[in-house]
Amino acid sequence: MRIVFMGTPEFAVPSLEKLIESSHEVAGVFTQPDRPKGRGNRLTPSPVKVCAQRAGIPVFQPERIRRDGVEDLRSLRPDLCVTAAFGQILSQEILDIPPLGSINVHASLLPRHRGSAPIAHAILQGDRTAGVTTMMMDRGIDTGDMLLKAETEIGETECCGELTERLSRMGAELLMETLRQMEEGNLRRIPQNEAEMSYDPMLTKEMGEVDFRRSAEAVRGQINGLNPWPCASIPWEDGRLKLMRAAPAEGRGIPGEVLVSDPKEGLVLACGEGAVRVLEIQAPGGKRMRTEDFLRGHRIPAGSVL
RNA sequence: CGCGGGGUGGAGCAGUUUGGCAGCUCGUCGGGCUCAUAACCCGGAGGUCGGGGGUUCAAGUCCCUCCCCCGCAA
């Protein structure tokens, strides 16, 4: 098939790579425009752009594809469009261009976790499993008919970054299987059950503010689910202490109480219900490190309240 | 030239304000204690203080410059 790919971040790269390796023809790639990024505000191409250029595939970066990408897309004459975390909403006009429609690789077990941050929200909400779903795109946001799914367990200390990486590879495999079945003509479309759907908001920095009055389960989800961005954090000495990874722990105390703080025994903090063990931490100006290492150079007295 | 923090034995940090013997919590090596230990006691090794240049009797500390890391903002 002649395919146009649309995607932007790392998550989309494995899917694009699989398409490139496959017998399909990748006629073009749409991705977000280069954005100023990092220190010095350097203009940075998206991971998908880098991948496409390396493969010699034409790249299109309209500010809004609905407005100024339509003719480029039409001229590529795709049989099918494939999207993965593209970051722009497709209009009906665009969806009508490929005769076989548009397939999206979404990083959740739909209909749960629609929206742009499904993986983080799965961890945030304490889900035991996460997954990827391939679906036919329609006018709504992640509302189209589902095609295939793959599921995986969420580790109790797994962070969003790690899960994203795993799901991106699973998504690429699932995409290839979806295309295979599509060509064979035995792909079933499964409508989403609207009663079970959830739509999750984009992540913001405010979500990183830790409230130890919440349950240990919720705090742990917040710490792991918001890593690597925006990260859970608490005020600490002229800055913020980022809590990057957490595990369940025994113990109880007043919310925020330091139950254990020792270079050998680690750091355990009391929550509204239960406690969490903090495994990775980042001080202002410092690198991320194991909490045990952090405690060799910083004093957090046991019994104090954060 | 977007704003700011940082680089000190193997790890994590203090010391820089006010130049004057290289320090802390660990790790590591050797010995001791113990039924035993990530415990405790005794002793030791290990540092071009990110690189280069300058000021000074004397620089981790002050000045210039380069490199690298991190956060914010986008």
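In what follows, chains carry the letters A, B, and so on, assigned in the order in which the sequence lines appear, proteins first and then strands, with residues in each chain numbered from 1.
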Asker: Mapping A:Gly297 and A:Gly40 onto RNA chain B by nearest heavy atom, which one lands closer to the 5' end?
Answerer: A:Gly40

Asker: Looking at the base of B:G71, is there any donor atom on it, or on the side chain of A:Arg39, that sits under 3.5 Å from an acceptor on the other one?
Answerer: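 Present.
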
Asker: Return the nucleotide paired to B:C62: Watson-Crick means purine N1 to pyrimidine N3 with N6-O4 or O6-N4, wobble means G-U with N1-O2 and O6-N3, both under 3.5 Å.
Answerer: B:G54

Asker: Whole-Å distance between B:G71 P and A:Arg288 CZ?
Answerer: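 A:Arg288 atom CZ is separated from B:G71 atom P by 9 Å.
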
Asker: Using the C1' atom as the point on both nucleotides, what is the distance between B:C13 and B:U8, in whole Å?
Answerer: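 B:U8 and B:C13 have their C1' atoms separated by 9 Å.
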
Asker: So if I take residues 228-237 of chain A and measure heavy-atom distances to RNA chain B, which residues fall below 4.0 Å?
Answerer: none

Asker: Roughly how many Å apart are B:C64 and B:G23, using the C1' atom of each and rounding to a whole number?
Answerer: 29 Å

Asker: Just wondering, do A:Glu17 and A:Cys51 contact through their side chains at under 4.5 Å, heavy atoms?
Answerer: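 Counting from C-beta outward, A:Cys51 and A:Glu17 do come under 4.5 Å.
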
Asker: Distance between the P atoms of B:G10 and B:G19, in whole angstroms?
Answerer: 30 Å

Asker: B:G12 pairs with which nucleotide, Watson-Crick or G-U wobble, both distances below 3.5 Å?
Answerer: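 Matched B:G12 with B:C24 under the 3.5 Å cut-off.
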
Asker: In chain order, what residues pass the salt bridge (Lys or Arg N to Asp or Glu O under 4.0 Å) check against A:Glu158, with sequence neighbours excluded?
Answerer: A:Arg166

Asker: Scan A:Gln282 against the nucleic acid and name what it touches under 4.0 Å (heavy atoms): base, sugar-phosphate only, or nothing.
Answerer: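 Contact class for A:Gln282: sugar-phosphate only.
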
Asker: Need one value for A:Lys242: base, sugar-phosphate or nothing, where a base atom within 4.0 Å counts as base even if backbone is also close, heavy atoms only.
Answerer: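 A:Lys242: backbone/sugar contact only, no base atoms under 4.0 Å.
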
Asker: Please state how far atom NZ in A:Lys287 lies from atom C1' in B:A11, giving the value in whole angstrom units.
Answerer: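 Whole-Å distance recorded here is 12 Å.
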
Asker: Can you tell me, in whole Å, how much space there is between the C1' of B:G60 and that of B:G50?
Answerer: 12 Å

Asker: Assign A:Gly239 to base, sugar-phosphate, or nothing according to its heavy-atom contacts below 4.0 angstrom with the strands shown.
Answerer: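 Contact class for A:Gly239: none.
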
Asker: Quickly work out the A:Asp262 CG to B:C24 P distance and round it to whole Å.
Answerer: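 Atom-to-atom, A:Asp262 to B:C24, this comes out as 19 Å.
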
Asker: Taking NZ from A:Lys37 and P from B:G71, how many angstroms apart are they, rounded to a whole number?
Answerer: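 It is 12 Å, rounded to the nearest whole Å.
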
Asker: If the C1' atom of B:C1 is compared with that of B:A59, how far apart are they to the nearest Å?
Answerer: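 Result for the C1' pair: 31 Å, nearest Å.
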
Asker: Rounded off to whole Å, could you give me the NE2-to-P distance for the A:His298 and B:A14 pair?
Answerer: 6 Å

Asker: Could you tell me the separation between the CG atom of A:Leu295 and the P atom of B:C24, rounded to a whole number of Å?
Answerer: 19 Å

Asker: Please list, chain by chain and in numerical order, all residues satisfying ring-ring contact (aromatic ring centres under 6.0 Å, His included) with A:Phe294, sequence neighbours excluded.
Answerer: A:Trp236, A:His298

Asker: Quick one: look up who B:C40 pairs with, Watson-Crick or G-U, both distances under 3.5 Å, and put none if it's unpaired.
Answerer: B:G32

Asker: Can you list every salt bridge (charged side-chain N to carboxylate O under 4.0 Å, His left out) pair that touches residues 250-265 of chain A, not counting sequence neighbours?
Answerer: none

Asker: Only pairs at least two apart or in different chains count here, so list each salt bridge (charged side-chain N to carboxylate O under 4.0 Å, His left out) that has a residue in residues 292-306 of chain A.
Answerer: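 Of all non-adjacent pairs touching residues 292-306 of chain A, those that pass salt bridge (charged side-chain N to carboxylate O under 4.0 Å, His left out) are A:Arg290-A:Asp293, A:Asp293-A:Arg296.
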
Asker: Specify the separation, in whole Å, of atom CZ of A:Arg42 and atom P of B:C1.
Answerer: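 Atom-to-atom, A:Arg42 to B:C1, this comes out as 15 Å.
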
Asker: Using whole Å, report how far CZ of A:Arg299 lies from P of B:U25.
Answerer: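 Taking CZ of A:Arg299 and P of B:U25, I get 8 Å after rounding.
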
Asker: Counting Watson-Crick and G-U wobble pairs only, both distances under 3.5 Å, name the nucleotide matched with B:C3, or none.
Answerer: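 Paired with B:G71.
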
Asker: Ignoring hydrogens and angles, state whether a donor on the side chain of A:Glu217 or A:Ser215 is under 3.5 Å from an acceptor on the partner side chain.
Answerer: no

Asker: Would you say the side-chain atoms of A:Arg66 pair up with the backbone N or O of A:Ile94, donor to acceptor, closer than 3.5 Å?
Answerer: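 Looks like no, no N/O pair under 3.5 Å.
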
Asker: When we call it a touch if two heavy atoms are under 4.0 Å apart, what does A:Asp293 touch: a base, just sugar-phosphate, or nothing?
Answerer: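 Sugar-phosphate contact only - A:Asp293 comes under 4.0 Å of backbone atoms but never of a base.
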
Asker: Take atom P in B:C63 and the same atom in B:G71, then report the distance between them in whole Å.
Answerer: 27 Å

Asker: Check every atom of B:U25, B:A74, B:C13 against the side chain of A:Pro36 and return the nucleotide holding the closest atom.
Answerer: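 Between B:U25, B:A74, B:C13, the one nearest the side chain of A:Pro36 would be B:A74.
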
Asker: How far, in whole Å, is B:C21 from B:C49 if one measures between their C1' atoms?
Answerer: 15 Å

Asker: Any salt bridge (charged side-chain N to carboxylate O under 4.0 Å, His left out) pairs touching residues 137-150 of chain A, not counting sequence neighbours?
Answerer: A:Asp145-A:Arg189

Asker: Taking a hydrophobic cluster as the set of Ile, Leu, Val, Met, Phe, Trp and Tyr residues connected by side-chain heavy atoms closer than 4.5 Å, whether directly or through intermediates, do A:Phe30 and A:Leu95 fall within one such cluster?
Answerer: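 They do share one cluster, since a chain of ILVMFWY contacts under 4.5 Å joins A:Phe30 to A:Leu95.
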
Asker: Between B:C24 and B:G51, how far apart are the two C1' atoms, rounded to whole Å?
Answerer: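 Taking atom C1' in both B:C24 and B:G51, they lie 27 Å apart.
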
Asker: The side chain of A:Lys264 is closest to which nucleotide in this list: B:A39, B:U25, B:C69?
Answerer: B:A39

